[in-house]
Every structure is written in structure tokens, then in C-alpha cells.
Amino acid sequence: MIKLMKYEIKKQFFIKIVILVLAIVCQLLIATGLILYSEDWVSLGEGLFVILAFVGFFIISFETIITFESDLKNKWGYMLFLTPHTSYQIVGSKLITAAIQIIAYIITCFLIILGNIFMITTRFEGFAKFAEIVKQLWKQVFNSDLAIKNFIEPLSLLALLFFTVVTLSYLAITISATILAGKKYNGFVSFILFLVISIALDIGMNKILNTLILYNYQTAEFILRYLFLIIICVASYFGTSYLLEKKVSL
């Protein structure tokens with residue numbers, strides 16, 4: 001399993017180097033602004049880094065989907081399934097690698113942004129005053145302090161949502177390569193199937209949660225939302241692995 005995970009990381013290594021280089025450039029712009037006491041340089045560097053963080057997150061999340069599709073369609077990738085590993089191990093290594101990458105990326109970007117904000121507000125009085133205004137506005141709107149713990153739930157939910165998209169995409173791609181193999185427009189049909197499943201699951205989850213909220217079970221909403229998404233991920237994993245194990249002709 002570890003060797004398979006290392007193989008996945010190597011295949012997706014180039015784009016991460018590109019993101020890292022761009023992130024270093026953004027940090028150099030911020031450092032230049034701090035040294036020269038230039039708000040323009042600091043604003044430019046931080047703004048570009050935030051944009052890079054969002055774009056990079058989408059790229060890293062969806063790159064694993066593209067890689068999985070390539071493994072099934074290209075001969076060099078298809079050879080992976082000829083190794084002495086079960087489909088459950090191969091798919092599992094891909095999903096574990098994807099989960100680690102998504103979580104590590106979110107945590108890293110979040111900590112870098114926090115560090116930048118600390119340095120900028122310490123260096124520039126204007127930014128410090130603006131940060132204080134944001135804190136007061138946050139408290140009025142959300143009735144809570146602007147603290148790191150308040151970001152844990154939304155960030156972890158974001159990671160799980162994107163991981164759910166990855167697992168459902170794996171299932172849709174596998175259906176296209178197995179059940180719909182050789183049929184006309186199989187790729188398009190699997191994409192539509194992915195959308196239908198995703199929308200249906202989202203509607204079903206929201207209806208259940210809204211019912212719980214209606215009966216004043218708000219405290220359970222957070223846990224149930226996570227459990228629902230985890231169940232979807234597990235079911236998609238087993239469905240994908242089963243189809244590859246039973247339906248792919250090696």
C-alpha cells in the first residue's frame with residue numbers, strides 16, 4: 001500500500017512543484033513589502049497567494065480524478081492493475097493519497113495565511129485597524145469570536161466535500177470503463193450519472209438535516225452531515241473497487 005501511495009505522489013509531483021514555486025514568489029512579494037514598508041507590495045503578495053491557494057486547491061483535488069481516468073484509459077496506466085495488488089488496494093491507495101493531499105494542503109495554506117496576517121498587522125497599523133473591524137463585524141454577524149476553532153468545522157467539511165466528489169468521480173469513471181465500456185457516449189453518460197447521483201444525494205441529505213433542524217436537533221446536524229458524507233465515500237470506494245475487480249478484463 002505504501003509503495004502504491006508513493007507511486008501516486010510521484011505521478012502528481014510536477015503540479016505541486018509549480019504551486020510551491022508560485023507560493024514562494026507570493027511570499028517574497030510580502031517579505032519585500034514588509035522590509036520596504038510598502039502596503040502595495042504586501043497587498044499584492046497576499047492577494048495573489050489567496051487566489052493561488054483557492055486555484056491550487058481545485059487543481060490538487062481534481063488532479064487525482066484525471067490521473068485515475070488516465071490509468072483506466074491509457075495502456076501505461078492500465079498496467080498498474082496488472083501488478084500483484086487487488087483493485088481494493090489500488091483504489092484505496094489512490095483515495096488515501098488524495099485525502100492526505102487535500103487535508104495537508106488546506107492546513108498548510110491556512111497556517112501560511114494566518115502567519116501572513118500576523119506579520120502584516122504587526123507591521124502596518126492600518127491593516128491592524130482593518131483586522132479589528134473585521135473581528136467586530138464577524139462577532140455581530142455570527143455571534144462568536146473570530147478564532148481559529150471557528151474555522152475548523154467549515155474547513156474540515158470543505159475537505160470532506162471535495163473528497164466525496166473525488167470518490168463519486170472514481171465511481172462514475174469506473175462505470176464508464178466497465179459497465180458502459182464500448183458503448184456510444186459512455187463518457188458523457190457516466191458524467192450525467194455522476195451529476196444525478198451527486199444532486200440526489202445532496203437533496204436527500206438536506207431533507208434529512210432540515211427535518212432534524214425542524215425538530216430542534218441542531219446539535220446532531222454537524223455529526224450527521226459528516227457521517228452521511230463518510231458513508232457516501234465508503235460506498236463509492238467499495239463500488240469502484242468491486243467493479244474494477246469483477247468487470248475489468250485484464
Side-chain angles (χ1 to χ4, degrees), residues 2 5-68 70 93-166:
I2 300 298
M5 292 173 63
K6 289 181 179 179
Y7 175 71
E8 289 300 315
I9 293 174
K10 287 181 180 179
K11 285 194 298 182
Q12 304 171 30
F13 194 68
F14 175 74
I15 190 64
K16 294 174 181 60
I17 293 297
V18 174
I19 294 174
L20 176 62
V21 171
L22 293 176
I24 292 174
V25 172
C26 292
Q27 294 304 115
L28 288 175
L29 290 174
I30 295 173
T32 302
L34 292 172
I35 295 171
L36 300 179
Y37 203 76
S38 172
E39 294 184 2
D40 293 335
W41 283 96
V42 167
S43 299
L44 177 62
E46 184 65 15
L48 289 176
F49 181 80
V50 171
I51 294 173
L52 175 65
F54 278 101
V55 174
F57 176 69
F58 281 97
I59 292 175
I60 288 178
S61 299
F62 288 105
E63 186 185 25
T64 182
I65 299 173
I66 298 172
T67 302
F68 180 72
S70 298
S93 66
K94 288 177 176 291
L95 291 178
I96 292 173
T97 303
I100 292 174
Q101 291 180 149
I102 290 173
I103 294 171
Y105 185 83
I106 289 177
I107 293 175
T108 301
C109 289
F110 182 66
L111 292 177
I112 291 175
I113 291 174
L114 283 181
N116 288 342
I117 292 174
F118 175 77
M119 289 187 295
I120 293 170
T121 53
T122 302
R123 178 68 167 161
F124 299 97
E125 184 180 351
F127 281 107
K129 291 180 179 179
F130 177 74
E132 187 61 32
I133 293 173
V134 172
K135 287 181 180 180
Q136 295 300 324
L137 183 61
W138 178 283
K139 190 170 185 178
Q140 291 179 7
V141 175
F142 298 101
N143 196 28
S144 64
D145 294 327
L146 185 58
I148 295 178
K149 63 179 181 180
N150 293 326
F151 288 93
I152 294 177
E153 178 181 341
L155 289 177
S156 59
L157 181 60
L158 177 66
L160 186 54
L161 280 171
F162 269 84
F163 185 69
T164 304
V165 170
V166 171

**Prompt:** In chain order, what residues pass the ring-ring contact (aromatic ring centres under 6.0 Å, His included) check against F58, with sequence neighbours excluded?
**Reply:**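 Checked F58 against ring-ring contact (aromatic ring centres under 6.0 Å, His included); matches are F162.
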
Report the residues that fulfil ring-ring contact (aromatic ring centres under 6.0 Å, His included) with Y37, sequence neighbours left out, ordered by chain and then residue number.
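Scan of Y37 (ring-ring contact (aromatic ring centres under 6.0 Å, His included), adjacent residues dropped) gives F124.
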
Kindly give the heavy-atom pair with the smallest separation between [X] and [Y], and that separation in Å.
{"X": "I19", "Y": "L52", "value": "O-CD2, 3.8 Å"}
{"X": "I30", "Y": "V42", "value": "O-CG2, 3.9 Å"}
{"X": "W41", "Y": "G33", "value": "CB-CA, 3.6 Å"}

**Prompt:** Which residue pairs pass the ring pair (Phe, Tyr, Trp, His ring centres under 6.0 Å) test when at least one of the two sits in residues 9-29, sequence neighbours left out?
**Reply:**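 Passing the test, one end in residues 9-29: no pairs.
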
Let me confirm one number: the [atom1]-[atom2] distance from [X] to [Y], rounded to the nearest 0.5 Å.
{"X": "L22", "Y": "I51", "atom1": "CG", "atom2": "CD1", "value": "12.0 Å"}
{"X": "F54", "Y": "F49", "atom1": "CZ", "atom2": "CZ", "value": "11.0 Å"}
{"X": "I100", "Y": "I96", "atom1": "CD1", "atom2": "CD1", "value": "7.0 Å"}
{"X": "S70", "Y": "I65", "atom1": "OG", "atom2": "CD1", "value": "12.0 Å"}

Residues in side-chain contact (heavy atoms from CB on, under 4.5 Å) with [X], at least two apart?
{"X": "L48", "result": "C26, L29, L44"}
{"X": "L111", "result": "I107"}
{"X": "I35", "result": "none"}
{"X": "A99", "result": "F163"}

F118 and L114, any side-chain heavy atoms less than 4.5 Å apart =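 No, too far: nothing below the 4.5 Å cut-off.
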
ask   = Please, which pairs that meet salt bridge (Lys or Arg N to Asp or Glu O under 4.0 Å) have at least one residue in residues 96-115, sequence neighbours excluded?
value =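 Qualifying pairs: none.
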
| said: Checking E63 now: which residues fulfil salt bridge (charged side-chain N to carboxylate O under 4.0 Å, His left out) with it, not counting sequence neighbours? | reply: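 Partners of E63 under the salt bridge (charged side-chain N to carboxylate O under 4.0 Å, His left out) test: K16.
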
Would F57 and I102 satisfy side chain to side chain contact (heavy atoms under 4.5 Å, CB included), going step by step from the backbone distance to the final call? CA-CA 7 Å; F57 176 69; I102 290 173; 3.7 Å; yes

Handout entry: Residues forming a side-chain hydrogen bond (donor to acceptor under 3.5 Å, both in side chains) with S156, sequence neighbours excluded
Key =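 Residues passing side-chain hydrogen bond (donor to acceptor under 3.5 Å, both in side chains) with S156: Y226.
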
Residue pairs passing the side-chain hydrogen bond (donor to acceptor under 3.5 Å, both in side chains) test where at least one lies in residues 17-29, sequence neighbours excluded: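 Listed once each, the pairs are Q27-N116.
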
Any sub-3.5 Å donor-acceptor pair from T64's side-chain atoms to S61's backbone N or O?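 Not at all, since once roles are kept as given, no pair shorter than 3.5 Å links the two residues.
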
